[in-house]
Amino acid sequence: MNTATELRNKLRSLDHKGYPAYKDLKGQYNFGDYVLSIDHVQGDPFASPSRLSVRVEKAKAGFPAKYYDTKAKRITLQDHLTRLFGRQVAGGSFQAKGSGKSGLLSVSRCGQQVLERTAMRVKDGDLTLRFEAGFPANGRTINARELEKMLFDILPDCVRRSLYYSKIDQEKLRQAICLCEDQQYIRRCLTEQNLCAFVADGSVLPRESGVSERPMKNAVAFRSPESLRITLNLPNRGPVSGMGIPQGITLFVGGGYHGKSTILQALQNGVYDHIAGDGRELVITDASAFKLRAEDGRSVTGVDISPFIKNLPNKKDTVHFSTEDASGSTSQAANLMEALESGSSLILIDEDTSATNFMVRDDLMAQVITPGEEPITPFISRVRGMYEDLGVSSIIVAGSSGAFFHRADTIIQMKEYIPIDITRKAKAAAAVYMDQGAGVAENTAAPDAADFPPFNRKRCPAPDMALRKEDRIKMKAMGTSELSLCKENVELRYLEQLKDQEQSMALAHLLKYAELKMMDGRKDLRQIGDLLEEQLDRSGLESLFERGDVSSQLARPRKQEIMACINRYRKLKI
Ligand code: ADP
Ligand code: MG
């Protein structure tokens with residue numbers, strides 16, 4: 001390994017040369033307290049900035065082992081340190097001057113969720129931080145003095161103030177780790193107490209605006225209905241009360257604008273842990289939960305949607321259903337079957353974003369259009385079977401239809417943002433309604449007790465040979481709405497639980513990896529999902545890269561989104 005002095009000398013020898021000469025700097029340099037590694041040098045001052053990493057050894061970093069002895073705590077520590085470093089470099093960025101991205105210093109921007117990122121890796125106490133730097137130039141001529149300032153003045157300060165335990169605000173870190181332990185404890189309680197979700201009293205569910213993930217100011221704080229209130233004794237915070245949503249079928253009803261969609265959104269985000277001050281840090285949902293919605297126009301490849309849709313007019317196969325352009329109902333059916341395939345044990349549905357004909361069919365319609373003529377068995381007729389036979393719970397927002405009253409185990413009315421348990425009242429009203437002879441047609445057409453029909457679980461994708469022949473596979477992510485792999489776009493905008501552009505970028509890498517290394521026509525998608533999950537658990541996103549040239553801007557998506565992304569790839573062959 002080279003010394004820092006050698007780097008300084010090399011750098012000075014490059015001054016005023018053409019920009020490509022910067023490539024000579026690639027390598028590792030010992031700065032005493034840490035090792036700086038120049039992993040990739042940009043081609044010119046306007047291109048994507050250069051990739052650097054800093055490694056601090058355990059003995060020098062000095063973080064207590066109990067802060068990274070579980071996966072969840074390690075991720076929290078990594079997240080916390082990335083944020084600290086981010087605050088430092090924000091001040092140091094563009095202090096060095098020049099053309100294009102000269103002087104830029106940046107690291108992943110962490111949002112409200114705590115995510116595992118390639119930006120920071122703690123392994124057995126050693127830290128690796130990955131970030132970007134714009135190597136300075138005047139025009140396209142190297143300005144070595146400015147890079148010297150960045151690497152020898154600005155960066156060492158940023159590193160020292162964020163990656164050494166003795167230098168940081170230890171109390172803040174302790175609090176982040178304590179919150180993580182409490183969140184993990186709630187997650188364990190969900191399993192032990194057969195709950196789908198927990199929403200702590202006092203939580204702030206609404207966001208500041210449609211484009212901001214920050215908490216709304218002066219919002220009505222969450223308060224659990226008495227009948228659903230449980231108290232959990234968190235290891236750090238002590239007793240915390242809140243609403244425990246039992247497994248089974250839960251319905252949210254209520255007038256428009258009373259907070260139904262808001263609570264559902266908080267629940268769908270509860271698959272992730274949130275930072276202190278978010279308002280949802282003690283809103284914890286079954287981590288496999290999938291937000292199910294209609295998605296007109298998506299492509300579907302070989303999905304068995306026959307539990308919901310059969311006998312299409314054009315005799316189209318619904319056991320291996322494929323389309324380039326799904327309708328509202330077929331897309332929602334495919335989304336559900338794929339969610340089951342990905343192992344989700346909780347499905348979240350909002351009527352606002354559902355296809356009505358997928359969800360329900362009213363009595364009069366069922367009398368006029370007989371079951372033989374109607375290809376769709378609506379979700380309402382399958383929701384109980386899905387729970388009884390497959391163990392998959394549902395939480396459904398349905399403000400405009402009482403039809404689900406018969407099927408639900410728990411019925412909650414949102415009234416001015418406060419939930420009220422109306423299970424008994426609604427069940428009584430539903431019983432009276434049935435006695436009056438209404439609802440009969442719907443019930444005979446689709447009996448409550450119907451088993452969830454068996455379905456094809458073996459979808460074995462064949463590799464995309466054209467992709468294997470490419471020698472340079474280009475990837476791009478547009479926020480959380482789209483990615484492209486070799487110019488083929490994959491729509492992600494309806495995957496509402498995808499939260500970060502870095503997750504989209506990771507999806508592009510994972511899709512490529514699955515296509516090149518895993519799909520062989522024999523492994524089914526579930527096995528591929530499990531294998532990827534195991535690999536990410538064992539070796540991280542870093543393992544998707546050969547030769548160690550790891551992207552510094554990836555965040556780990558859930559298995560649900562990985563499989564959903566593969567399923568939306570229009571070149572998927574099954
Ligand atoms: P619904 O789905 O019942 O029609 P929404 O969940 O869309 O209602 O909420 C309607 C509005 O009320 C939204 O603008 C939302 O931000 C706001 N809101 C939701 N919950 C609260 C709350 N607890 N305190 C204050 N405002 C809230
Ligand atoms: Mg709504």
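Both ligands and their constituent atoms are indexed starting at 1 by order of listing. Every value quoted in this text rests on a predicted model; they were computed, and no experiment measured them. Just so you know, residue 1 is the first one in the sequence shown, and it goes up from there. Only this structure's heavy atoms are used, side chains among them; waters, hydrogens and symmetry mates stay out.
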Q501 and T480: CA distance, side-chain angles, deciding distance, side-chain hydrogen bond (donor to acceptor under 3.5 Å, both in side chains) verdict: CA-CA 5 Å; Q501 143 134 333; T480 51; over 6 Å; no

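- Scanning all protein heavy atoms for the shortest distance to atom 18 (N) of ligand 1 gives Y417 CE2, 3.4 Å.
- Annotation: R207 places no N or O atom under 3.5 Å from an N or O atom of ligand 1; distance criterion only.
- Panel note: side chain S212, backbone R214; a donor-acceptor pair is recorded below 3.5 Å.
- One side chain, R568 or N335, offers a donor N or O that lies under 3.5 Å from an acceptor on the other.
- Considering only non-hydrogen protein atoms, atom 19 (C) of ligand 1 sits nearest to T262 OG1, 3.3 Å.
- Looking at R74 and Q78, their side chains do bring a donor and an acceptor atom within 3.5 Å of each other.
- Counted within 6.0 Å of OH on Y272, heavy atoms from surrounding residues, nucleotides or ligands total more than 12; the atom is thus considered enclosed.
- Contacts of P206 with ligand 1, taken as heavy-atom pairs under 4.0 Å, involve the side chain alone.
- Dense packing is recorded around CZ of R570, with more than 12 heavy atoms of other residues, nucleotides or ligands lying under 6.0 Å away.
- Looking at S288 and S345, their side chains do bring a donor and an acceptor atom within 3.5 Å of each other.
- With ligand atoms numbered from 1 in the order given, ligand 1 contributes 1 (P), 3 (O), 5 (P), 6 (O), 8 (O), 9 (O) to contacts under 4.0 Å with heavy atoms of G259.
- At the top of the distance list for atom 23 (N) of ligand 1, counting protein heavy atoms only, stands V220 O, 2.9 Å.
- Counting heavy atoms only, M216 comes closest to atom 26 (N) of ligand 1 of the residues K415, M216, K217.
- Among the candidates N567, L485, L572, L483, the single residue satisfying the side chain to side chain contact (heavy atoms under 4.5 Å, CB included) test with V490 is L483.
- The proximity of M414 to ligand 1, defined as any non-hydrogen pair under 4.0 Å, does not occur for either the backbone or the side chain.
- When the ring pair (Phe, Tyr, Trp, His ring centres under 6.0 Å) test is applied to F455, the partners found at least two apart in sequence or on another chain are F452.
- For a distance threshold of 2.8 Å, the protein N, O or S atoms nearer than that to the Mg ion (ligand 2), listed by chain and number, are S261 OG, D352 OD2.
- In K316, the NZ atom is crowded: over 12 heavy atoms of neighbouring residues, nucleotides or ligands sit closer than 6.0 Å.
- Of the candidates Q268, R558, Q560, K291, R558 is the only one forming a side chain to side chain donor-acceptor pair (under 3.5 Å) with Q497.
- Under a 4.0 angstrom heavy-atom cut-off, G255 registers as being in contact with ligand 1.
- In terms of protein heavy-atom proximity, atom 7 (O) of ligand 1 is nearest to S261 CB, 4.0 Å.
- Taking 4.0 Å as the cut-off, G256 counts as a neighbour of ligand 1 on heavy-atom distance.
- Proximity of Y257 to ligand 1, defined as any heavy-atom pair under 4.0 Å, is shared by backbone and side chain alike.
- Within 6.0 Å of the CG atom in N314, the count of heavy atoms belonging to other residues, nucleotides or ligands exceeds 12.
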